[in-house]
Amino acid sequence: MSAPVVSPWKQFQTKKEAYLAYANPWEKKIGSFLSFRPETPAPATPGPLAGLPFGVKDNIAVEGFPLTCGSKMLANVISPYDATVVARLKAAGAVVIGKTNLDEFGMGSSTDNSALGVTHNPWDITRVPGGSSGGSAAAVAAGLVPFALGTDTGGSVRQPASFCGVYGFKPTYGVLSRYGLTAYASSLECPGILSADLALVQSVFEAARGRDLNDQTSLDYEPQAPRPVKTIAVLGDLSDLHPDVRAVYDQTLGHLKALGYTLLTVNLPSLEFAVPAYYTIATAEASANLARFNGIRYGHRPVYSENHEDLVRKSRTEGFGNEVKTRIMLGTYVLRSGFQDQYYTKAQKVRTLIRRDLQKVFDQADLLLSPTFPTPAFVHGDQTMTEFQQKLADKSTVTANLAGVPALSFPAGLSSGLPIGMQLTAPAFGEPRLFEVAAQFATRVPVVPCPGTSLDWSK
Amino acid sequence: MYQTVVGLEVHIHLNTKTKAFCGCRAEFGDEPNTNVCPVCLGYPGVLPVLNQEALVQAYLVAKALRCELSPRTLFDRKNYFYPDMPKNYQITQFHDPVGRNGSVDFLSPDGTVKTVRIHDVHLEEDAGKMIHAGDMSLCDYNRAGYSLLEVVTEPDLTSGEDTEAFLQSFQRLVRYLGVSDGNMEEGSMKCDTNVSIRKAGEPLGTKVEVKNLNSTRFIKKAVEFETKRQATALDGNRTIVQETRLWNENRDVTESMRTKEGSLDYRYFPEPDLPPFVPDKAFLQAIDGRLVELPLARRTRLLTAFQLSKEQADFVTESRFLADFFETATGTGGTGPAAGQAIANWLMGDVQKELNHFGLTLEASPLTATRLAQLQALLDSGRIHIKIAKQLLVAIFEEDKDPERLLKEKGWEAITTEEQLSPILDQVFAQHPAVVEAIRAGDVRQKGYLVGQVMQATGGRATPGLVNSLLAKKL
């Protein structure tokens, strides 16, 4: 087991009063948590994360805490068990102090699709924190927790990390167990880690990773032999970038060159089809995954129903929000018999194509760099991007999910006072490369804390 | 004249201690909703973990049914809403089942061996149970997630009688393999029956699926009913509607449940939570190791080896335990037809009688194959005769001891020498001088009386032949 983490957060257990005086106003301002219980005692285990509090996205099970998934459907559900990643972090000494807000069932990129609360971006409360792990990103950026767990189905950890100016890490598929993660798109999603402290991201990853007997798709972590990163691939065609993102992207290329990396321009022809393939697969899986929510065993139930069919229909009509309903219907549509070849099977073929194209990139380069998201954090209710455009903007993040490879969004600088993240993608088990380059980058461009945040309470 | 065509979808509960995808007990008759956990209740965030034993049993059945075994088997989700199904999808195998293209033989009541082709064998999970009580509906999820194996046959059966015989033969097969008790009454075996009719040489007719059949007898009746119903329809120039019908056991008829138009689109797609299973050499060897001689093959072998009658062969191969018992008993007590006949007669006659009398199964009774063999050996060696042997059998049931020990304790050994018998005869002569005189005077009818007295005095242990010969000598 690795050395204990050195952090002012080690004082958390003894400075709770000072912490609350700091945290409560912030939380009131940004609304990052759906349940907030900083009084929860830390486990007695003297692990590497001993005493560190953390937040958990409210679609990940924590025993005794609500497991709402940001949905009216599950607003009254208390989890009877711990997700494997949560159990492992507890075993390493960390303590869950709250469940963070999210787009309902992880469906969205603003957290505005939560049925249970509004979360604001700590950098500018008129803006969204991103999503779907927006609550986790906002809580970390505001200094309410040193790290938080999110889930990443198509960028749901990396995009809010970019919007809030923190690290957002999505590991190789299977390395962090999905047991306890409320399934949205099983073959794409995995838990992810958000923190402003890169070393802490790695410590948490170390404590949580590895094969889990409760998740048969989980894997033992077998990192690639460390080798210094030399070449970083960049995309030839990067249209549709917001000028602020373009500016930070160009600066990032400059910094990387200055750090001695070779930049290699590549093309990913299949990227064009990534978003449609992603939404086909994700919604297909979602249509089955969300079928279990019917009001019979737990969750929202109508006041009155005629019979079981009526009960299920009313529960789902009343319990789910519009985005969730849209995706369930879309998924049901693409799986219809006679239409599978046209949609679902074709999407799986695109997925194979993307995997191959990415492999070709990694044959020539150690990593792939791209902006995490084409825009900075947008304002609540922004009409400049339609729902459809918002989905198209996931192009650069969904690739890693379709291919099952690791990716990291790192704070690359500010533009117009807002943080902008850049994303590094590595081949499977290439996590050390991500951390290596991000650490190098931070030596030139240190992470800028969100204005008004501080760790003074720990002194 | 129409030909009946029957294809079956047989479901069996596999004999696993725990459910197919979680660690809950797979046990009948427990309090409702006690054998449940977040996984089989479909709580948010849970994942299935495949029960290895269920997979082994599934491959074992596929192998026994001479299927092509899948080198890479996959699970799929079958989507439909019903309150007894926690996830509202069933984990099953659609695209790549454990076995395909098999065949199995069975003995038709007409005396011939027939072959039924197997379309596929696939592993899936069972649903819970919904109970309607007044204006309420209650759900019991104890059964939700049980390992269920579905065997789909090709439409190769041609009568109700054959269908019943096939199913009974299939029940024996799964019991021999130890993968299921195959009990239809308790619901551990279920069978959906597809029936169509056609004129000889014509292509297959429109099929009707009959459900709610919980005994092989009902299935026979349902096939026969459907044959008549469909024939009447065709003769009246009406078409057969493709539909699902339910067996009404009170009226002995099938009744329409839903037509094809109302059928569901299950939207099968690969289960992303379970990686494909690739059986390795060791796994396949383990399957081979668990394969046993199947009932029909065993019946044929025993029938020939011991020159059994058909009834005897059917009886001793009814269960693997009985067949093993029979073979052990005959093996210890001598080989060949004589031993086989003797043991078969014991099993079908007196053993059965005592089992009924004591209310026991052979498995639970004190009579082991070795004890029965010992009993027969005593009989064969002439140390006891048949009447004592039957007494000894009862004693084994009563006292749970070996026949040799019981024989000693009871002093039931046969009197087989003149030295032993002579004094007893002298004693009887002394007690009945008048009778002896009468016989000597020519009244031979009274000889039987003396024999009876000797038998009584020896507690039936005297060999009748010896008594007669010695009696003649002394008279």
Would you say that more than 12 heavy atoms from the other residues, nucleotides or ligands in this model lie under 6.0 Å from the NZ of A:K325, or not?
yes
Which atoms of A:R316 approach chain B - backbone, side chain, both or neither, heavy atom under 4.5 Å
side chain
If you apply the rule side chain to side chain contact (heavy atoms under 4.5 Å, CB included), what do you find for B:E271 with A:S187, and how did you get there?
CA-CA 9 Å; B:E271 165 59 270; A:S187 74; over 6 Å; no
Under 4.5 Å to a heavy atom of chain B? For A:L67 that would be side chain
Separation of A:I296 CD1 from B:M85 CE (nearest 0.5 Å):
11.0 Å
Taking every heavy-atom pair that is under 4.5 Å apart, which of A:Q348, A:E309, A:R178 has the most such pairs with chain B?
A:R178
Identify the heavy atoms of A:Y298 and B:L41 that sit nearest to each other, and give their distance.
CE2-O, 4.2 Å
Given the options A:S287, A:A83, A:A288, which has more heavy-atom pairs under 4.5 Å with chain B than any of the others?
A:A288
Check whether A:A284 gets within reach of chain B through its side chain, its backbone, both or neither, counting any heavy atom under 4.5 Å.
backbone
Against chain A, label B:Y141 side chain, backbone, both or neither, depending on which of its atoms sit under 4.5 Å from a heavy atom there.
side chain
Using non-hydrogen atoms and a 4.5 Å limit, figure out which bit of A:Y179 sits close to chain B: side chain, backbone, both or neither.
both
Which one wins on heavy-atom pair count under 4.5 Å against chain B: A:V77, A:N307, A:T217?
A:T217
If one checks every heavy atom of B:M136 against chain A at 4.5 Å, the contacting part turns out to be neither
Between the OH atom in B:Y43 and the OG atom in A:S79, the distance rounded to the nearest 0.5 Å is 9.0 Å
Count the heavy atoms belonging to other residues, nucleotides or ligands that lie under 6.0 Å from NZ of A:K346, then report whether that count exceeds 12.
no
Is it true that a side-chain atom of A:Q216 and a backbone atom of B:P275 form a donor plus acceptor pair closer than 3.5 Å?
no
At a heavy-atom separation under 4.5 Å, does A:N59 approach chain B through its side chain, its backbone, both, or neither?
neither
Tell me whether the rings of B:Y82 and A:H308 are parallel (<30°), tilted (30 to 60°) or perpendicular (>60°).
perpendicular
Residue pair B:V46, A:Y81: steps toward the side chain to side chain contact (heavy atoms under 4.5 Å, CB included) verdict:
CA-CA 10 Å; B:V46 295; A:Y81 73 107; 3.6 Å; yes
What is the distance from atom CG of B:L47 to atom CG of A:L181, rounded to the nearest 0.5 Å?
8.5 Å
State whether the number of non-hydrogen atoms from other residues, nucleotides or ligands found under 6.0 Å of B:K207 atom NZ is greater than 12.
no
Give a yes-or-no answer on whether the side chains of B:Y89 and A:R292 include a donor-acceptor pair shorter than 3.5 Å.
yes
Quick one: pull up OG in A:S337 and CG in B:L264 and give me the separation to the nearest 0.5 Å.
11.0 Å
Region of A:S177 that comes under 4.5 Å of a non-hydrogen atom in chain B:
neither
Is any side-chain heavy atom of B:N88 closer than 4.5 Å to one of A:N294?
yes
Can you tell which of B:P44, B:C22, B:P272 has the highest number of heavy-atom pairs within less than 4.5 Å of chain A?
B:P44
Would B:N33 and A:R297 count as having a side-chain donor-acceptor pair, cut-off 3.5 Å?
no
At a 4.5 Å cut-off on heavy atoms, which part of A:D215 comes close to chain B: side chain, backbone, both, or neither?
both
Could you tell me which portion of A:I60 (side chain, backbone, both or neither) has an atom closer than 4.5 angstrom to a non-hydrogen atom of chain B?
neither
Interface moiety of B:P38 toward chain A, non-hydrogen atoms closer than 4.5 Å
side chain
Segment of B:D273 engaging chain A (4.5 angstrom heavy-atom cut-off):
both
Kindly check if the number of other-residue, nucleotide or ligand heavy atoms within 6.0 Å of NE2 (B:H11) is above 12?
yes
Would you confirm whether A:R336, through its side chain, and B:R267, through its main-chain N or O, come within 3.5 Å as a donor-acceptor pair?
no
To check you understand the geometry: which heavy-atom pair defines the closest contact between A:Y344 and B:P270, and what is its length?
CE2-CD, 3.9 Å
